**Student:** 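Provided herewith is a single structure, encoded as structure tokens, for subsequent inquiry.
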Amino acid sequence: MSIAIGCALEPAIPFAFAHELIRQARRELTLIGPISDILFDQLIGAGCVARVEAAWVGNVSAGLGHSYRRALEQGVPRWIEVRDHSNFSIAQALLAGAIGAPYIPTKTLLGSDIPRANGTFRESVSPFDGSPELLIPAIRPDLAVIACQVASPDGAVDFAGPSGVSRDAALAAGGVIVVAERVGEVERPMFSPTKVVAVVHEPGACHPSPLFGAYERDHEFFHEYHRATRTTAGFDAWIAEWVNGVPDRAAYLRKLGPRWEALRT
Amino acid sequence: MTEVSAGELMVAQAAGEIRDGETVFVGMRLPLIAFVVAKRTHAPNAIGLFELGLIRDRPADELLYTMGDGPNVRGALWCGPMIELMGMLQRGEVQAGFIGGAEIDRHGNLNTTAIGKDRQHPTVALPGSGGGADIASLAQRLIVIMPHDKRRLREKVDFITSPGRHVAVLITTLGVFRFHGGEPVLESYHPGSSVDDVRANTGWDLRVAANVHQTPAPSAKVLEIIRGYDPQGFWTRRGE
């Protein structure tokens with residue numbers, strides 16, 4: 001199954017959803033997203049992932065992703081396939097998916113090794129002026145998971161802040177799961193709710209990433225994760241403590257305690 | 001005043017590369033602080049772009065750890081989808097962009113993807129392009145900032161993430177290279193370094209400008225801005 005998640009890049013990353021995937025021991029997932037901070041690293045380390053289609057995988061404020069490194073360098077816990085993108089190429093792939101176009105021609109990445117590494121792009125020349133261009137095929141994720149501040153019970157999303165590829169990922173996907181900080185009325189939905197299959201009311205779902213207007217980023221949590229997961233044993237202990245050691249998000253937030261309260265805006 | 005760190009020197013140099021009125025892809029870490037310095041000194045009309053979907057005409061009030069932090073969103077000129085910002089880049093409306101890299105070669109090609117010959121089974125898996133390869137491909141002028149090390153400044157990189165054809169300047173922990181005819185020429189070496197030191201730590205045959213000189217120390221005003229914005233030296237690593 002392919003899942004676009006963390007589509008706003010550094011903020012509004014639905015970690016609660018990823019943690020539930022880990023608790024349910026989901027396997028053979030394809031992860032799609034430009035960056036998604038440490039969410040991809042966690043799912044890879046937990047053995048949930050077969051392939052990543054992304055522009056960047058790591059820990060944005062702390063550095064490299066230890067689990068991502070172990071998977072690619074040592075096959076621990078398993079080998080994964082990487083389908084390289086840049087931010088613009090994945091944004092265009094999802095835009096193509098969103099409008100039902102087979103591909104989008106672009107001028108980015110000419111002279112980069114990313115097209116060859118990705119393997120799905122085609123080098124071409126413009127039929128209009130003969131200039132070189134790259135054709136980026138559409139990505140149609142099975143599922144997009146979109147976190148937002150407010151959603152209506154029928155799936156209308158009110159999203160505030162920089163949105164990355166969220167809208168196009170939702171339009172391109174076969175189905176959409178919305179993870180909302182609050183359930184309420186939405187006047188101008190970000191995209192048509194017709195493909196929303198579930199609205200999950202899950203306050204605090206994006207911690208340690210920020211959700212604009214609701215809570216700030218927990219910078220130190222990213223650094224703690226970075227330090228704790230240098231070894232496989234350290235990673236397993238971190239997952240045991242923060243994912244499998246809590247039954248749900250409410251328990252996770254209680255475990256954070258006053259630290260969580262301090263982040264809320 | 002305490003000794004100027006390499007990070008602070010690099011920020012000051014990077015700030016000087018931003019011209020007033022330009023639209024600039026800023027990025028994180030040191031370039032972010034360079035944007036703050038430029039805005040508060042010689043380039044008050046510069047516009048900063050943040051690829052996740054933010055445009056700012058004034059820097060954020062607080063130090064940022066990622067471009068999506070609350071302080072960067074509050075007071076933004078615009079925020080929305082990433083494709084619109086990348087569209088600006090592809091329309092040719094972005095004069096300059098900053099990027100860093102793990103490795104660079106003598107043509108300015110940058111590797112942020114993988115060390116080793118097999119991308120799927122690398123010796124070191126690096127995070128990847130992010131928006132770097134797009135900025136390198138489509139901004140009119142590229143400013144590269146990275147640590148100086150013989151293993152990083154190589155004759156040839158293992159993987160070209162970001163093509164080097166638009167690189168204008170390379171600012172390292174040891175000096176500043178200006179690109180002429182697509183090749184880096186050493187323009188200045190930082191205090192504590194020298195032409196020989198730079199040569200010994202560079203993996204290609206060093207070309208040196210006729211008027212090579214020591215990198216000037218940042219002015220007191222510039223240092224005050226840098227230290228006021230990043231008082232703990234989280235990004236500038238003072239004292240390291």
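Quantities reported herein were computed from a predicted structural model and do not represent experimental measurements. We use all heavy atoms of the structure for the numbers below, so side chains are in, but hydrogens, waters and symmetry mates are not. Below, chains carry the letters A, B, ... as their sequence lines are ordered, and counting in each starts from 1.
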**Student:** For L211(A), which atoms come within 4.5 Å of any heavy atom of chain B: side chain, backbone, both, or neither?
**Tutor:**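 No part of L211(A) comes within 4.5 Å of chain B.
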**Student:** Would a 4.5 Å heavy-atom cut-off, applied to side chains only, mark V157(A) and V186(A) as touching?
**Tutor:**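 Answer no - side chains too far apart.
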**Student:** Measuring heavy-atom distances to chain A, does L138(B) have an atom under 4.5 Å in its side chain, in its backbone, in both, or in neither?
**Tutor:**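 For L138(B), the contact with chain A is made by the side chain alone.
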**Student:** In terms of heavy-atom pairs under 4.5 Å with chain A, which of P122(B), G68(B), A136(B), G130(B) leads?
**Tutor:**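 The candidate making the most pairs under 4.5 Å is G130(B).
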**Student:** For L110(A), is it the side chain, the backbone, both or neither that has a heavy atom under 4.5 Å from a heavy atom of chain B?
**Tutor:**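 Both parts, heavy atoms under 4.5 Å.
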**Student:** Heavy-atom distance under 4.5 Å to chain A: side chain of T113(B), backbone, both or neither?
**Tutor:**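 Contact with chain A: side chain only.
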**Student:** Heavy atoms only, distances under 4.5 angstrom: which of S89(A), G164(A), A71(A), P11(A) has the most pairs with chain B? Name it, please.
**Tutor:**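 It is G164(A).
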**Student:** Step by step, would you call F235(A) with H66(A) a ring-ring contact (aromatic ring centres under 6.0 Å, His included)?
**Tutor:** CA-CA 9 Å; F235(A) 174 83; H66(A) 298 303; over 10 Å; no
**Student:** Would you say I18(B) and F98(B) make side-chain contact, with heavy atoms under 4.5 Å?
**Tutor:**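 They are in side-chain contact.
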**Student:** Can you tell which of L89(B), N111(B), L110(B), I83(B) has the highest number of heavy-atom pairs within less than 4.5 Å of chain A?
**Tutor:**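 Ranked by heavy-atom pairs under 4.5 Å with chain A, first place is I83(B).
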**Student:** Heavy-atom distances under 4.5 Å only: say whether R74(B) touches chain A with side chain, backbone, both or neither.
**Tutor:**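 Contact with chain A is through both the backbone and side chain of R74(B).
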**Student:** Heavy-atom distance under 4.5 Å to chain B: side chain of Q74(A), backbone, both or neither?
**Tutor:**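 Answer is neither: Q74(A) stays 4.5 Å or more from chain B.
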**Student:** What do the steps show when you test F234(B) against H219(A) for ring-ring contact (aromatic ring centres under 6.0 Å, His included), and what is the final call?
**Tutor:** CA-CA 12 Å; F234(B) 184 82; H219(A) 305 299; 8.0 Å; no
**Student:** Would you please say whether a donor-acceptor pair under 3.5 Å links the side chains of T23(B) and E93(B)?
**Tutor:**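 No pair is found: no donor N or O on one side chain lies under 3.5 Å from an acceptor on the other.
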**Student:** Against chain A, work out which of G53(B), S137(B), P127(B) has the most heavy-atom pairs shorter than 4.5 Å and name it.
**Tutor:**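 Ranked by contacts with chain A, first place is P127(B).
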**Student:** Sort S166(A) into side chain, backbone, both or neither according to what part of it lies under 4.5 angstrom from a heavy atom of chain B.
**Tutor:**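 Looking at S166(A), nothing touches chain B.
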**Student:** Side chain, backbone, both or neither: which part of R217(A) has an atom under 4.5 Å from a heavy atom of chain B?
**Tutor:**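 Side chain of R217(A) only, per the 4.5 Å heavy-atom cut-off to chain B.
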**Student:** I need the residue from G128(B), P71(B), A114(B), G116(B) with the largest number of non-hydrogen atom pairs under 4.5 Å to chain A.
**Tutor:**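 It is G128(B).
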**Student:** Please determine if R227(A) and E220(A) form a salt bridge, counting it only when a charged side-chain N lies under 4.0 Å from a carboxylate O.
**Tutor:**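 E220(A) and R227(A): salt-bridged.
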**Student:** Pair R188(A), D158(A) - check salt bridge (Lys or Arg N to Asp or Glu O under 4.0 Å), show working.
**Tutor:** CA-CA 7 Å; R188(A) 281 182 294 275; D158(A) 186 0; over 6 Å; no
**Student:** Looking at P162(A), S163(A), P34(A), which makes the most heavy-atom pairs under 4.5 Å with chain B?
**Tutor:**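 That would be P162(A).
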**Student:** If you measure from the Lys or Arg side-chain nitrogens to the Asp or Glu carboxylate oxygens, is any gap between E8(B) and R227(B) under 4.0 Å?
**Tutor:**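 Yes.
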**Student:** Should E123(A) and R116(A) count as an ion pair when the cut-off is N to O under 4.0 Å?
**Tutor:**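 Looking at E123(A) and R116(A), the cut-off is not met.
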**Student:** Side chain from CB out, backbone as N, CA, C, O: work out which of these in E216(A) comes under 4.5 Å of a heavy atom of chain B, or both, or neither.
**Tutor:**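 Contact with chain B is through the side chain of E216(A) alone.
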**Student:** Quick check for you: among R69(A), R167(A), E73(A), E10(A), which has the greatest number of heavy-atom pairs under 4.5 Å with chain B?
**Tutor:**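 That would be E73(A).
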**Student:** Of all of G65(A), A62(A), S86(A), A91(A), which one pairs up most often with chain B through heavy atoms under 4.5 Å apart?
**Tutor:**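 If we count pairs closer than 4.5 Å to chain B, S86(A) comes out on top.
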**Student:** Where do G100(B) and T112(B) come nearest, in terms of heavy atoms and distance?
**Tutor:**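 Shortest heavy-atom contact: O-CG2, 3.7 Å.
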**Student:** At a heavy-atom separation under 4.5 Å, does F88(A) approach chain B through its side chain, its backbone, both, or neither?
**Tutor:**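 Both parts, heavy atoms under 4.5 Å.
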**Student:** Decide yes or no for E51(B) and I135(B): does some side-chain heavy atom of the first lie under 4.5 Å from some side-chain heavy atom of the second?
**Tutor:**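 In short, these two side chains touch, coming nearer than 4.5 Å.
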